[in-house]
A.B. asks: 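Okay, here's the structure, questions in a sec.
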Number of protein chains: 2
Amino acid sequence: MGPAATGAGALASEALLRIGEAALRLGVSERALRYYEEIGLVVPAHHSPGGNRRYGEAELARVRRIRELQDLMGLNLDEIRTVLDREDRLEDLRARWHASDDDAERREVLGEVLAVTAPLREQVERKRRRLEAFLGELDERMAHYRDLLGELDGPPPSLSAARTRAGRRPSPADRS
Amino acid sequence: MGPAATGAGALASEALLRIGEAALRLGVSERALRYYEEIGLVVPAHHSPGGNRRYGEAELARVRRIRELQDLMGLNLDEIRTVLDREDRLEDLRARWHASDDDAERREVLGEVLAVTAPLREQVERKRRRLEAFLGELDERMAHYRDLLGELDGPPPSLSAARTRAGRRPSPADRS
DNA sequence: ACCGTTCCTGACGTTGACGTAAGATGGCGA
DNA sequence: TCGCCATCTTACGTCAACGTCAGGAACGGT
């Protein structure tokens, strides 16, 4: 590898972004980014001596993740924090993994990560199921309406003729 | 109409619930129900002369719908209102459908309903897709971790050589 | 060194969706 | 008719997740 094993962590020359650029690229407000830092959710890769925030790719990804969890799962920032904490812990693990020669420790950490990821997966899965049911319901309705429309546009001769004549009121037993 | 052509609308003896019971069954607060009425989202089937609210099955369903749209789609009450308005309009249609002898009107209303339902469906579908992608991502991670765990518990012969660079192995059979 | 742009830190404002408390009825079994 | 719990209206409180100034430094190109 080169001069520095640029693994997962931010390193050296990574072209850090100022808050304006970062916000622009992420499509979020600067205020939001400052807020995330305020509550310890996204800490900039670096602060300039003058106090300016500098964001690296890792932080951008983190923010994207936050937005995804907000939009997709409807989690609040506190719930999101726990999710991100898990993922952080996971990154720790990745590092420790190669540094450690203790398989017992590895097993332990892996188990923890799995135990902590599974509930999230379940939550997502439940939501997916409900969404799918909802979608099916919508499709069913739409199909029904399309059928009705079809009947009007391409009317079965007998049916249409029987009905359209003489402003007749609908047959008593016709619920759909 | 007969004595009571109990079609879609609430009618006659439907065992209306007082707000307490309704809230209890729905798992929402009384305040929420009053609030929904305040903003014209769910109007009780009836108010007693004294001013007490009475809820019928239709209103309960409506509230359930609201909660579903909140939880599942993350819509706010204003967006939900437009959705419910559409569905109301649809109920109107159902009534008018049988009362009207004007196919043109029917076509028009059906078209409108479809045109207005489709976007919602699309929105739901998009969300479903994103959720599925997210789920896939989670599964991928978990599978990876499980692989690692498997390697530890049942170490393959060429351990050190295989692990160094391997991100993943497509080999499916790895369960103990 | 200059200067326009960008960012900083407070600190108060906003919005949605209710929560909560107070005091005044309403409904209804005994 | 009494008593009592459920409801009513009114109105202020709350909480998250930022929005929006104001006044003052930091950056960075020239």
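None of the values given here were measured: they were computed from a predicted structure. Throughout, a chain's letter reflects where its sequence line sits, starting with A, and its residues are numbered from 1.
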A.B. asks: Would you check, one step at a time, whether the test side chain to side chain contact (heavy atoms under 4.5 Å, CB included) holds for A:Arg86 with A:Leu120?
C.D. replies: CA-CA 11 Å; A:Arg86 292 173 194 173; A:Leu120 177 61; 4.0 Å; yes
A.B. asks: What is the distance, to the nearest angstrom, from the CD1 atom on A:Ile66 to the P atom on D:dA17?
C.D. replies: 11 Å
A.B. asks: For A:Arg81 and A:Ile39, indicate whether the former's side chain and the latter's backbone hold a donor-acceptor pair under 3.5 Å.
C.D. replies: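 At least one qualifying donor-acceptor pair exists.
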A.B. asks: So, is B:Arg67 near the phosphate of C:dA17, with a side-chain N or O under 4.0 Å from OP1 or OP2?
C.D. replies: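 No.
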A.B. asks: In terms of hydrophobic clustering (I, L, V, M, F, W, Y; side-chain heavy atoms under 4.5 Å; direct or indirect links), are A:Tyr35 and A:Val83 co-clustered?
C.D. replies: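 Yes, because A:Tyr35 and A:Val83 connect within a single hydrophobic cluster, where side-chain heavy atoms sit under 4.5 Å apart.
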A.B. asks: Check whether A:Glu21 reaches the backbone of A:Arg18 with its side chain - one donor and one acceptor, N or O, closer than 3.5 Å.
C.D. replies: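 Judged by distance alone, no pair lies under 3.5 Å.
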A.B. asks: Do B:Val28 and B:Leu69 sit in one hydrophobic cluster, given that two such residues count as connected whenever their side-chain heavy atoms are within less than 4.5 Å of each other, even indirectly?
C.D. replies: yes
A.B. asks: Could you encode protein contacts along nucleotides 22-30 of chain D as a string, one character per nucleotide from 5' to 3', using B for base contact, S for sugar-phosphate-only contact and - for no contact, with a heavy-atom cut-off of under 4.0 Å?
C.D. replies: ----SS---
A.B. asks: Quick one: B:Asn76 CG to C:dT14 C1', roughly how many Å, whole number?
C.D. replies: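 Interatomic distance, CG of B:Asn76 to C1' of C:dT14: 15 Å.
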A.B. asks: Expressed as a whole number of angstroms, how long is the span from B:Glu21:CD to C:dC28:P?
C.D. replies: 14 Å
A.B. asks: Under a 3.5 Å distance rule, please check whether B:Arg62 uses its side chain to pair with a backbone N or O of B:Leu41 as donor and acceptor.
C.D. replies: yes
A.B. asks: Tell me which residues in residues 23-39 of chain A lie within less than 4.0 Å of DNA chain D, going by non-hydrogen atoms.
C.D. replies: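 Listed by number, they are A:Ser29, A:Arg31, A:Ala32, A:Tyr35, A:Tyr36.
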A.B. asks: Measuring only between side-chain heavy atoms, which start at C-beta, is A:Arg53 closer than 4.5 Å to A:Leu33?
C.D. replies: no
A.B. asks: Please give, in whole Å, the distance from D:dA16 P to A:Arg81 CZ?
C.D. replies: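 About 11 Å, once rounded to whole Å.
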A.B. asks: Provide, to the nearest angstrom, the distance between the CG atom belonging to A:Asp78 and the P atom belonging to D:dA17.
C.D. replies: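 Going from CG in A:Asp78 over to P in D:dA17 covers 8 Å.
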A.B. asks: Hey, is the main chain of B:Arg34 close enough, under 3.5 Å, to the side chain of B:Glu37 for a donor-acceptor pair?
C.D. replies: no
A.B. asks: Take atom CZ in B:Arg64; do more than 12 heavy atoms of anything else shown fall under 6.0 Å from it?
C.D. replies: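 Above 12, so yes.
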A.B. asks: Can you check the B:Leu41 CG to C:dA17 P distance for me, whole Å?
C.D. replies: 10 Å
A.B. asks: Between atom CD1 in B:Ile19 and atom P in C:dG19, what is the gap in whole Å?
C.D. replies: 12 Å
